Student: 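Take a look at this one; I'll ask things after.
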Amino acid sequence: MELKMEKNYDHFKVEEGKFDFWNESGYFKANPSSSNKGFSMIIPPPNVTGVLHIGHALDATLHDIIGRYKKLSGYDVCFVPGTDHAGIATQARVEKNLREKGISRYDLGREKFLEETYKWTYQSQKTIHEQWKALAIGMDYSREFFTMNEQTNKAVLKVFKQLYDEGLIYKGRRIINWDVTLQTALSDIEVEHEDIPGIFYYFKYRLVDDKDKYFVVATTRPETMFGDVCLVYNPKDERFASLEGKYAINPANGEKLPFIADYYVDKDFGTGLMKCTPAHDPNDFAIAKRHNLEMPICMNLDGTMNELAGEYKGLDRFICRDKLVERIKENGDLVKEEKIVHSVGHSSRSHTIVEPTLSDQWYVKMEPLAKKVLELEKGEQRIKYFPSRFEKVFLNWLKDTQDWCISRQLWWGHRIPVYTNKKTGEVVCSIEQLPESEWEQDNDVLDTWFSSGLSPLVLTNWPNLEDPYFKKYFPLDVMITGYDIIFFWVARMAFDSAHFTGKLPFKNVFIHGLVRDELGRKMSKSLGNGVDPLKVIDEFGVDSLRYALATSTTPGLDMSFGTSNIKEAHVFLNKVWNASRFVLMYFPENYQPKDVSELKLSFIEEYLYSHLNETIKNVTKNMEKYEVGQAGQYLYSFIYDIYCSNYIEQAKIDLNGNDENRKEVVLSVLYDVLKKVLIMLFPFSPCISEEIYSFLPMHKKSLYEESYPLPVKKSLKKSELGEELVNIVKYIRQFKAENKISPSSKINLFVKGEEKEINLLKPYLIKLGNIDKFNITSSEDESFRFFSEFGVKCEKEEVAVSPEVIKKRIEELEGELNRSKKMLSNPNFLAKAPKEKIEQEKQKFAKYQAEYDKYTKK
RNA sequence: GGGCGUUUAGCUCAGCUGGGAGAGCAUCUGCUUGACGUGCAGAAGGUCAUAGGUUCGAUCCCUAUAGCGCCCACCA
């Protein structure tokens, strides 16, 4: 056969056109009417904020590996792409762009701003598409969804309306997490608590009746003192019992503050006396509610002080804090400042310190929704987590989660479908847009996760329960995602699906870790340690990137990732390329390989196939557990060690020999195993596999048309002869290395044992060991090294086998024999260990003893 | 304050159901062996964090301790 494969593995050429070829051939498409069993997945929709990073690449690659594997295993794979409008993040991004042009969103107005945002979104989606394509992700692009497309909008409206009607969505006035930079409310899980240094200020609160008498109250947030309404103590605290009905002076503004008793206060914390700011602290809010107190707000939404702060009005909250402390100090009412480290909430989006603020927001009542999931989790269709520990994380969160604040003071998102009648004040929730002349729609939009939580439903065409997609692909077979969005996304999908379909949205959840740099640090823009997938693809190729990502990950754990992983993968793929090229070179023109099962295999093929069988078993087993890294490792060592280093090297001898029958067998075997290897490699590194496959004789249109290899049925016993061949060759090479004999220089070899078998080994030993004179002997010489039935001795002029080598081996054996003897003479072991283990140990002992006897018996 | 993960070779990490510790990189020694120098062959390198326990047997299971990391939580 004319060799068309180029000498060097050029990833550009290999990748060119592959994605389009698969895509246009329809391999990525789901087919609900096919009789093949369905297998469905959804990619966690990336935000339309910008470009994909290495974490997305990992996520997409893991999905695609499973998808291609399932497809080759005969499933009708439904793998759907999607993007997320990412309300806060995208709006912030577009606003930043506008700011660079010197305009704000208010200059544009809501409608124009949304137009701008859509433009940005389309651009961003285009980029994401290009990246998916570059990553060779085989998704059904004809079914792509977006969290703000028409279908999702419809679902969002239906879901909102139903939850509203059921009383599970309500409007409430309470303390929320306010992001002063982005000026919107956040849900609890969008707040990240961080331990930062702060100051605990101790102030004197003087009694109104007696200005010389004072009580000390400590606070970390003096600026909120303008919103204080009382001082609180524990009713059991005798120190303050006499204060009932009395008043203290607020050192910030001179206002009168009543003393109030409430069990919330911890007698032993601080001074035992606490100031209460109902509008800026959730606990204080609860106290105020119990005691029916006022709830004055002392800050503006942008984090500056309002008129309650008097002279500080308009100042930033933290500047106000410093100035206020300064003034109180001047007044002599600052007792002390104590440096502390405390946990402070930051916005996960803008990273500014969150301001707890009293506000009207929309909430989803969580308890009944979570309860339904927890019930289903007890039943048959329980979600299986890989690794299983994440199930607990998921369930614990559901068990005590608070109501979900879903309204955001943004423009980019699904607008809340609640309208107020301008005349009557009537409030209705409506799926249909109501006329503006009569009705005013709520200004807020929904949290992004409200819509993305519906994705398993949306992409299967829910609520049409008769839709073939819904019937075949819901629930999804697997959800693959990072542990960082279990609460944000996985949990929300779970309760949405549970509530609206009575089913959990997926059967399995596979959790992976985060990609970190080679030093284990988080990748971040500020550190500049991120890995850009496109750059890697450019330099090493997508196959290397994918292989490296897949084999560096362990379920649930973070991974260190850098150039060395990718280089390693690239070297491996180059090896595959060249091994294939070698094999192909030997195929004659129009070569038609024979069915291996009809050929007479020799011991080297038995050795090869017994390993292939093991490999197929191990790879399959691990793929089923989403242990793709482990599966990749098994594949790697088979290809590298067994196929390349052993079999190809052995095969060369037959290929260059005169036995035409052997040539026939070897070529067919090389072909058969290479094909199976390519199929198994395909999910990991699809382009190179497909490219090499296209050069194979009798290839089909694509690897997609092949089926995943099964272990060969014919039971192949592990060939001892094949094993010993490898061991003896290794021994010969060791002998040369230790004796400083160059590998190419010829030596004499003496072998004793069964002549028939020795003759089988002979040609391979001569070539692989570079043997000059091959002697079959029955010498009782002491310098033989034994390999089961064979004794082997190397000799090169004066340099014979040093007795040390044999001595060392004898020592090794003695050690083993001792260990074995100890076990076998332990009555407890014999009585309690399983029979097979005992049998195994006996066999080992016999084997070692036999070899030992050969050295010592004269 | 709760919960979880992790600790294995110089580095990054695998290690299945408990039954002789593995890979890649790095290091050292050789090699123009006709697929591959992006290579080949060989070598060296480990008290599996520590202390107990369970077991015939522990890197693996249990308990405690320590280091590193993460998540959750309203203590001002």
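Being a predicted model, the structure only gives us computed values, none of them experimental. Labels below follow one simple rule: chain letters A, B, ... track the order of the sequence lines, proteins then strands, and each chain is numbered from 1.
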Student: Mind checking the C1' distance from B:rG69 to B:rC60? Whole angstroms is fine.
Tutor: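 Roughly 22 Å separates the two C1' atoms.
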Student: Note every stem involving RNA chain B: at least three consecutive Watson-Crick or G-U wobble pairs, i with j then i+1 with j-1, with both distances under 3.5 Å.
Tutor: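 Result, WC/G-U stems under 3.5 Å: B:1-7 with B:66-72, B:10-13 with B:22-25, B:27-31 with B:39-43, B:49-53 with B:61-65.
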Student: Take A:K275 and A:T224 through the test side-chain hydrogen bond (donor to acceptor under 3.5 Å, both in side chains) and record every step on the way to the result.
Tutor: CA-CA 10 Å; A:K275 73 185 202 61; A:T224 63; 2.8 Å; yes
Student: How does protein contact run along nucleotides 35-44 of chain B, one letter per nucleotide 5' to 3', with B for base contact, S for sugar-phosphate only, - for none, heavy atoms under 4.0 Å?
Tutor: BB-BSSSSS-
Student: Identify, with sequence neighbours excluded, every residue that meets salt bridge (charged side-chain N to carboxylate O under 4.0 Å, His left out) alongside A:R521.
Tutor: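 A:R521 satisfies salt bridge (charged side-chain N to carboxylate O under 4.0 Å, His left out) with A:D517 once adjacent residues are dropped.
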Student: A side-chain contact here means heavy atoms from C-beta on lying under 4.5 Å apart; do A:K796 and A:D772 qualify?
Tutor: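 Contact flag for A:K796/A:D772 side chains = no.
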Student: Taking only residues two or more places apart in sequence or in another chain, which ones pass ring pair (Phe, Tyr, Trp, His ring centres under 6.0 Å) with A:Y640?
Tutor: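 For A:Y640 the ring pair (Phe, Tyr, Trp, His ring centres under 6.0 Å) partners, ignoring immediate neighbours, are A:Y636.
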Student: A:R239: what forms a side chain to side chain contact (heavy atoms under 4.5 Å, CB included) with it, not counting sequence neighbours?
Tutor: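 In terms of side chain to side chain contact (heavy atoms under 4.5 Å, CB included), with neighbours along the sequence ignored, A:R239 is linked to A:D237.
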Student: Quick check on RNA chain B: between A:Y636 and A:T553, whose nearest nucleotide comes earlier from the 5' end?
Tutor: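 With A:Y636 and A:T553 compared, the 5'-side residue is A:T553.
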Student: Tell me the side-chain hydrogen bond (donor to acceptor under 3.5 Å, both in side chains) pairs involving residues 541-556 of chain A, sequence neighbours left out?
Tutor: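 Applying side-chain hydrogen bond (donor to acceptor under 3.5 Å, both in side chains) to every pair that reaches into residues 541-556 of chain A, excluding sequence neighbours, yields A:D64-A:R546, A:S552-A:N565.
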Student: Quick one: are the ring centres of A:F510 and A:Y626 less than 6.0 Å apart?
Tutor: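 Centroid distance A:F510-A:Y626: below 6.0 Å, so yes.
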Student: How far does the C1' atom of B:rA43 sit from the matching atom of B:rC48, given to the nearest Å?
Tutor: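 Approximately 23 Å lies between the C1' atom of B:rA43 and that of B:rC48.
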Student: Verify whether the ring centers belonging to A:Y205 and A:F215 lie closer than 6.0 Å.
Tutor: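 No: the rings miss the under 6.0 Å criterion.
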Student: Take atom P in B:rA58 and the same atom in B:rA51, then report the distance between them in whole Å.
Tutor: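 So the two P atoms sit 15 Å from each other.
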Student: With A:A185, which residues qualify under side chain to side chain contact (heavy atoms under 4.5 Å, CB included), at least two apart?
Tutor: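 Applying side chain to side chain contact (heavy atoms under 4.5 Å, CB included) to A:A185 gives A:I176, A:W178, A:Q361, A:C405, A:Q409.
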Student: Rounded to the nearest 0.5 Å, how far does CG of A:L58 lie from CG of A:L514?
Tutor: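 That separation rounds to 9.5 Å.
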Student: Find the distance between CZ (A:F684) and CZ (A:F572) and round it off to the nearest 0.5 Å.
Tutor: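 Here the rounded value is 9.5 Å.
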Student: B:rG2 and B:rU65: how far apart are their P atoms, nearest whole angstrom?
Tutor: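 That atom pair is separated by 12 Å.
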Student: Select from A:K767 and A:E841 the residue whose nearest nucleotide in RNA chain B is closer to the 5' end of that strand.
Tutor: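 Per heavy-atom nearest nucleotide, the more 5' residue is A:E841.
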Student: Which residues pass the salt bridge (charged side-chain N to carboxylate O under 4.0 Å, His left out) test with A:R809, not counting sequence neighbours?
Tutor: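 A:R809 satisfies salt bridge (charged side-chain N to carboxylate O under 4.0 Å, His left out) with A:E812, A:E851 once adjacent residues are dropped.
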Student: Taking all atoms of both residues into account, what is the closest heavy-atom pair of A:P356 and A:P282, and its distance?
Tutor: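 Distance-wise, the nearest heavy atoms are CB-CD, 4.3 Å.
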Student: Using the salt bridge (charged side-chain N to carboxylate O under 4.0 Å, His left out) criterion, which residues pair with A:E391? Sequence neighbours excluded.
Tutor: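 Counting only residues at least two positions away or on another chain, A:E391 forms a salt bridge (charged side-chain N to carboxylate O under 4.0 Å, His left out) with A:R382.
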Student: For A:S564, report the nucleic acid contact type (base, sugar-phosphate, nothing); a contact means any heavy atom under 4.0 Å.
Tutor: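 Nothing, no heavy atom under 4.0 Å.
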Student: Does A:R516 qualify as a cation-pi partner of A:F561, given the criterion of NZ or CZ under 6.0 Å from the six-membered ring centre and within 45 degrees of its axis?
Tutor: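 No, cation not above the ring by the 6.0 Å, 45° rule.
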Student: What N/O pairs connect the protein and nucleotides 72-76 of chain B at under 3.5 Å? Give each pair on its own line.
Tutor:
from	atom 1	to	atom 2	distance (Å)
B:rC74	O2'	A:N283	ND2	2.9
B:rC74	N1	A:N283	OD1	3.3
B:rC74	O2	A:Y264	OH	3.4
B:rC74	O2	A:N283	OD1	2.6
B:rC74	O2	A:N283	ND2	3.1
B:rC75	N3	A:D266	OD2	3.2
B:rA76	N6	A:D266	O	3.1
B:rA76	N6	A:F269	O	3.0
B:rA76	N1	A:D266	N	3.4

Student: Please lay out, stage by stage, how A:H570 and A:Y9 fare under the test ring-ring contact (aromatic ring centres under 6.0 Å, His included).
Tutor: CA-CA 10 Å; A:H570 194 253; A:Y9 160 44; 5.4 Å; yes
Student: For B:rA66 versus B:rG52, give the span between their C1' atoms, rounded off to a whole number of Å.
Tutor: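 15 Å, rounded to whole Å.
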Student: Would A:Y634 and A:F638 count as a close aromatic pair, with their ring centres under 6.0 Å?
Tutor: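 Ring-ring flag for A:Y634/A:F638: false, centres at least 6.0 Å apart.
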Student: With rounding to the closest Å, how many angstrom separate the P atoms on B:rG5 and B:rG24?
Tutor: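 About 30 Å, rounded to a whole number of Å.
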Student: Quantified in whole Å, what is the C1' atom distance between nucleotide B:rA23 and nucleotide B:rC61?
Tutor: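 One C1' to the other, the span is 26 Å.
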Student: Measure all distances between protein nitrogen or oxygen atoms and nitrogen or oxygen atoms of nucleotides 54-56 of chain B, and list the pairs falling under 3.5 Å.
Tutor:
from	atom 1	to	atom 2	distance (Å)
B:rC56	OP1	A:K832	NZ	2.4
B:rC56	O2'	A:N826	ND2	2.8

Student: Could you give the distance separating B:rU59 and B:rU7 at their C1' atoms, to the nearest angstrom?
Tutor: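 Taking atom C1' in both B:rU7 and B:rU59, they lie 12 Å apart.
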Student: For nucleotides 3-8 of chain B, read 5' to 3', which letter fits each nucleotide if B means a protein heavy atom sits under 4.0 Å from the base, S means only the sugar-phosphate is that close, and - means neither?
Tutor: -SS---
Student: So what does A:N656 hit on the nucleic acid, given a heavy-atom distance under 4.0 Å: a base, only sugar-phosphate, or nothing?
Tutor: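 The answer is base, as A:N656 lies within the cut-off (heavy atoms under 4.0 Å) of a base atom.
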Student: If you compare every side-chain N and O of A:T554 against the phosphate oxygens of B:rA14 (OP1, OP2), does one of them come in below 4.0 Å?
Tutor: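 Indeed, a polar side-chain atom of A:T554 lies that close.
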